[in-house]
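Positions are given from 1, in the same order as the sequence printed here. This structure is a prediction, so every number in the text was calculated from the model and none was measured.
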Amino acid sequence: MESRYDIIKSFSQVKRLVKACLKTGIASVDFETNAEGIYNKTFKPTILSVTFQVGSGVSIPLCHHEYENPHWKRWLKYFGRKVVENPNITKVGWNLKFDLQIFELYGIYVRGTVLDGMLMKYLLNEEKPNDLKSMVRRYLPEHGDYEKAEKFDKIPWDKKPLEPLCKYGCQDTDYTLRLAMFFESKLIEIGMYPLFRHLIMPASRVLQHAEKTGLYLDRKFNQELLESYKPKIEQATSNCLNLPRVKKFSRWLVQERISKYLASIESELEDLDYHNPKDARKIASREQKISNIRAGVFTTKKELELTREVNLGSTIDLPLLLYSEKGFKFPIIKYTKDKKTNRDTDKPSTDEDTLVELRLTVKDPESPKAIFLDNLLELRGLKKMYTTYIEGWHDKVQDDDRIHGQFKIIGTTSGRLSSSEPNLQQIPKTSVDANIKKQLVAPKGKLYMALDYSQAELRIMAHLSGDETYLEAFAKGQDPHLAIAANKYGVSYEEANKAYSDEQHPDYKLWKNRRKQAKQICFGIIYGIQKKLLAVKLSDPKAGIIVTPDEAQQQLNEFFQEHPKIKKFMINQEKVLIKHGYIKSLFGRKRRLPQVYSDNEQEAAYAVRLSVNMPCQSAASDMNLFASILNYWKMRQGKLPFMQETCNVHDATYYLVSPEYVNTWVVYEIWETCRNPNTKEYFNFQIDDVSMSMDFVIGRSMAEELPFIPGYDYRKMLEPDFNPDEYLEEHRKFKGIEIEDYPKLYPEEIEKNKREFRKRMYER
């Protein structure tokens with residue numbers, strides 16, 4: 001059945017639409033826009049399409065170039081108040097948090113049941129595609145490619161004519177409703193509906209507000225970085241190009257290009273007839289070119305290109321420099337992949353992982369090969385910082401001075417969130433580049449408060465495997481990686497910690513390296529690491545530490561001997577996967593891995609690795625997501641001060657907070673909620689053998705990660721003379737005090753914080 005559609009032309013028709021939605025109790029909604037950022041002044045919603053029963057749809061023209069409607073905001077708000085804000089009407093959509101942000105732009109706030117068809121589909125099958133058009137082609141094939149009718153998809157969004165746009169919008173809402181009804185019944189049938197209702201849809205609401213809040217960008221500092229990073233990149237490029245081996249190669253490369261160019265002209269001359277007057281002009285021109293080139297005279301753009309030095313970003317020049325006899329003669333260890341077939345090409349790879357692996361083949365840090373690779377990796381790092389986090393953020397910031405990245409529930413197959421436009425989940429740590437996070441400042445009168453789960457994936461693995469060493473380390477509040485290293489080398493934790501905690505201790509570097517190796521091995525197991533990559537992770541070429549793949553495998557074997565329950569857990573996961581073809585997380589997510597039955601050994605092995613990785617990674621991320629939902633709900637109920645969530649990064653959540661609410665009571669309440677949330681009631685599991693603890697940091701920017709101090713007046717942080725060094729000195733007095741002890745140590749302060757909060761709430 002093809003969708004019938006109608007275009008509203010009067011306010012009385014808007015009222016009729018509202019009555020129809022009230023009668024059916026459902027409204028599938030979808031905005032079309034001019035494709036500008038929602039928070040830019042140029043943003044315009046062009047139409048709102050609504051379906052209240054399968055088979056039809058109605059479009060309300062808003063700010064469309066073909067339809068002058070001075071009352072469109074009144075129409076939109078009337079529909080919003082009567083339908084979107086009506087708790088008795090179920091709202092349906094596809095990627096609905098986008099549409100709900102547009103409603104909120106005009107003061108309309110959704111209430112009642114909300115169903116997102118895209119998120120339903122994702123739970124039923126986490127593999128891409130997840131877009132509406134693909135699902136229509138799959139489940140409603142008779143309507144497939146509806147967006148391509150009469151080349152509708154070729155017209156820019158801000159130029160699409162009203163009638164075909166309305167027809168398209170109504171098809172969107174109609175097909176969304178049909179698919180959502182089908183997917184909902186399937187989720188109920190297979191027992192995944194509680195996961196959808198208790199985690200996925202509430203998470204969408206929380207992330208919607210995080211997207212809306214955004215991250216404030218210090219435009220002035222961003223501009224300074226735009227100007228200061230260019231000479232840094234130029235210097236790093238110069239450091240590479242001015243190495244004797246590179247200069248020698250560059251001279252050879254220029255001569256090689258010139259020789260090939262001359263050969264091509266001479267070949268053309270051979271095809272010309274010196275006795276034919278018609279060819280005389282061509283012959284003279286080519287002979288003059290040859291003469292000029294040999295004399296070092298280059299005139300055309302093509303000829304000038306022959307003389308340029310080696311391009312370190314070229315897919316032709318760089319492989320030649322790295323692998324040819326005239327270059328560094330590195331061994332080829334990896335080839336690029338064909339994007340269509342995903343098979344190896346005959347072109348050697350020059351990606352970052354390959355460069356790092358090549359660096360491990362050079363033991364002498366002073367050799368030309370090592371120096372070149374170190375400089376090239378530094379150059380790559382600077383370019384990435386510049387293009388992605390400085391220039392990239394400059395281009396993405398909207399008119400409200402904020403970056404509004406998208407947090408995607410459907411972004412990964414593991415269940416972790418992903419982010420785009422821009423990616424806010426791969427912001428470099430301050431240890432990598434301190435300038436990047438400094439751009440993200442708290443707005444006036446606010447501070448950043450971040451809670452970061454401490455080794456969440458490792459705690460989940462300890463719970464799932466029952467490994468006593470890790471469980472004991474977490475129970476005692478020890479650094480688990482250091483505890484594992486101490487256990488391995490037969491040293492008490494106290495002795496190892498004494499050396500590791502003091503940079504002046506003669507064994508500090510030894511224990512730092514031992515802890516790092518224990519950490520890399522354990523997290524490597526969670527991520528299904530193989531010996532080749534583990535060798536890279538365990539090595540530190542600049543410090544002269546090179547670990548071979550065989551040595552890395554030996555360390556893996558020793559780890560499993562010391563932790564048999566982790567090995568048993570991994571074996572059991574493989575058995576479950578082979579039996580069912582999928583793995584489930586604690587929260588009930590499924591990761592379907594039919595590759596385990598593949599005749600291709602690599603594909604089957606990959607599936608087995610994911611069977612270990614997914615339950616740890618997914619549950620850790622979901623624990624943070626569920627805790628965010630619980631905290632959001634407490635804030636909405638007035639049980640906690642309202643703090644705007646601004647970013648959600650796997651195991652960490654960032655809030656914008658008024659300084660008076662950064663206090664002992666708030667930190668303890670959030671910690672208590674997050675460390676052991678009530679998952680039994682909603683997902684039928686509870687973690688009792690390990691506490692999901694977290695750390696709290698405060699800052700005026702995302703880069704300023706200062707540890708929380710009980711009783712500190714955080715209004716001081718907004719004063720011009722605030723000194724972070726003095727703050728850290730003050731924090732020394734509280735070092736070693738655990739958050740769980742706050743009620744015992746600071747009962748009066750906690751009560752005072754509560755009273756002040758209630759007073760402010762009452763005064764409002």
Side-chain angles (χ1 to χ4, degrees), residues 31 37-39 93-105 110 114-123 126 128-132 195-196 198-217 388-389 392-393 396-398 400 402-428 436-437 439-440 448-453 456 585 587 589 617-633 635-636 643-656 674 702:
F31 280 101
I38 294 176
Y39 305 99
W94 200 276
N95 189 24
L96 197 52
K97 64 182 170 65
F98 171 79
D99 301 281
L100 295 183
Q101 283 186 70
I102 299 175
F103 278 123
E104 289 196 5
L105 198 64
V110 69
V114 177
L115 302 175
D116 191 321
M118 179 182 72
L119 301 182
M120 291 178 180
K121 182 270 157 190
Y122 173 69
L123 283 186
E126 66 278 9
K128 294 179 181 179
N130 294 302
D131 63 285
L132 176 61
L195 174 64
F196 176 73
H198 299 321
L199 181 69
I200 302 301
M201 282 313 307
S204 179
R205 182 67 179 273
V206 171
L207 295 171
Q208 171 199 327
H209 286 158
E211 290 181 5
K212 177 185 174 184
T213 301
L215 292 166
Y216 286 79
L217 185 75
T388 306
Y389 304 109
W393 285 358
K396 293 293 182 185
V397 68
Q398 297 194 36
D400 58 357
R402 304 183 222 183
I403 297 169
H404 296 275
Q406 300 169 18
F407 295 100
K408 296 184 176 181
I409 294 174
I410 63 164
T412 68
T413 53
S414 69
R416 296 179 89 184
L417 299 178
S418 71
S419 177
S420 64
E421 299 299 318
N423 186 345
L424 299 177
Q425 296 194 313
Q426 291 184 347
I427 301 174
I436 303 305
K437 280 189 173 183
Q439 299 176 93
L440 303 174
Y448 272 110
M449 182 170 78
L451 62 93
D452 187 356
Y453 276 92
S585 76
F587 282 84
R589 288 185 189 263
Q617 195 179 67
S618 177
S621 176
D622 281 345
M623 193 66 75
N624 182 46
L625 206 54
F626 185 55
S628 297
I629 293 164
L630 295 178
N631 286 325
Y632 177 81
W633 180 236
M635 293 173 200
R636 301 293 292 185
M643 301 176 286
Q644 292 176 307
E645 183 172 325
T646 188
C647 194
N648 194 297
V649 187
H650 305 318
D651 305 337
T653 304
Y654 290 81
Y655 291 105
L656 290 174
C674 296
M702 196 178 270

Review point. Measuring from M120:CE to W94:CH2, what's the distance to the nearest 0.5 Å?
Key: 9.5 Å
Review point. Looking at side-chain heavy atoms only, is the closest gap between N624 and L451 below 4.5 Å?
Key: yes
**Study point:** Residue list, side-chain hydrogen bond (donor to acceptor under 3.5 Å, both in side chains) with Q644, at least two apart or on another chain
**Key:** none
Review point. Considering residues at least two apart in sequence or located in another chain, which fulfil the side-chain contact (heavy atoms from CB on, under 4.5 Å) criterion with L630?
Key: F626, T673, P677
Review point. With a 4.5 Å limit on heavy-atom distance, are the side chains of R589 and Y122 in contact?
Key: yes
Point to revise | For N423, all residues meeting side-chain contact (heavy atoms from CB on, under 4.5 Å), sequence neighbours excluded | key: S419, Q425, Q426
Practice item. Look at the rings of H209 and Y632 and say which category their plane angle falls in: under 30° parallel, 30 to 60° tilted, over 60° perpendicular. Key: tilted
Check your understanding: Are I427 and L440 close enough that some pair of their side-chain heavy atoms sits under 4.5 Å apart?
Key -> yes
Practice item. Output yes when a side-chain donor or acceptor of S204 lies under 3.5 Å from a complementary backbone atom of I200, and no otherwise. Key: no
Point to revise | Euclidean distance, D622 CG relative to S585 OG, rounded to 0.5 Å | key: 6.0 Å
Practice item. Show your working on side-chain contact (heavy atoms from CB on, under 4.5 Å) between Q101 and Y39 and close with a plain yes or no. Key: CA-CA 10 Å; Q101 283 186 70; Y39 305 99; 2.7 Å; yes
Revision key, fill the gap. Sorted by chain and number, sequence neighbours left out, side-chain contact (heavy atoms from CB on, under 4.5 Å) with P422 holds for W393, K396, I403, L424
Exercise for review: Write out all pairs satisfying salt bridge (Lys or Arg N to Asp or Glu O under 4.0 Å) with one or both partners inside residues 407-420, taking only residues at least two apart or from two chains.
Suggested key: R416-E457
Practice item. Might you work through the side-chain contact (heavy atoms from CB on, under 4.5 Å) test for L215 and M702, ending with a clear yes or no? Key: CA-CA 9 Å; L215 292 166; M702 196 178 270; 3.6 Å; yes
Practice item. Check S621 against G415 and note the closest heavy-atom contact, atom names and distance. Key: OG-O, 4.2 Å
**Study point:** Beyond-backbone contact of M201 with D116, side-chain heavy atoms, under 4.5 angstrom
**Key:** yes
Exercise for review: Report the distance from atom NZ of K97 to atom CZ of F407, rounding to the nearest 0.5 Å.
Suggested key: 8.5 Å
Study note, to complete from the structure: Sorted by chain and number, sequence neighbours left out, side-chain contact (heavy atoms from CB on, under 4.5 Å) with A456 holds for Y453, A620, D651, M692
Check your understanding: Any sub-3.5 Å donor-acceptor pair from T412's side-chain atoms to L417's backbone N or O?
Key -> no
Check your understanding: Can you tell me how far the OG1 atom of T653 sits from the CG atom of D452, to the nearest 0.5 Å?
Key -> 9.0 Å
Point to revise | Shortest non-hydrogen contact from F587 toward A619 | key: CE1-O, 3.6 Å
**Study point:** Test log, rule side-chain contact (heavy atoms from CB on, under 4.5 Å), inputs E211 and F98
**Key:** CA-CA 9 Å; E211 290 181 5; F98 171 79; over 6 Å; no
Check your understanding: Just by modelled atom types, is the Y389 backbone N or O under 3.5 Å from a matching donor or acceptor in the Q439 side chain?
Key -> yes
Study note, to complete from the structure: M118 and I410 have their tightest heavy-atom pair at SD-CD1, 3.6 Å
Check your understanding: What distance do H198 atom NE2 and I629 atom CD1 have between them, rounded to the nearest 0.5 Å?
Key -> 11.0 Å
Point to revise | H404 side chain vs K212 backbone, donor-acceptor pair below 3.5 Å | key: yes
Point to revise | Donor-acceptor contact below 3.5 Å, side chain S618 vs main chain S414 | key: yes
Point to revise | Any side-chain heavy-atom pair of Y655 and N631 under 4.5 Å | key: yes
Review point. Nearest 0.5 Å, what's the CZ-CG distance between R205 and L96?
Key: 10.0 Å
Point to revise | D99 side chain to F31 backbone, donor-acceptor under 3.5 Å | key: yes
Review point. Passes side-chain contact (heavy atoms from CB on, under 4.5 Å), F103 versus V110? Steps please.
Key: CA-CA 8 Å; F103 278 123; V110 69; over 6 Å; no
Review point. How close do E645 and S628 get, heavy atom to heavy atom, and via which atoms?
Key: OE1-CB, 3.6 Å
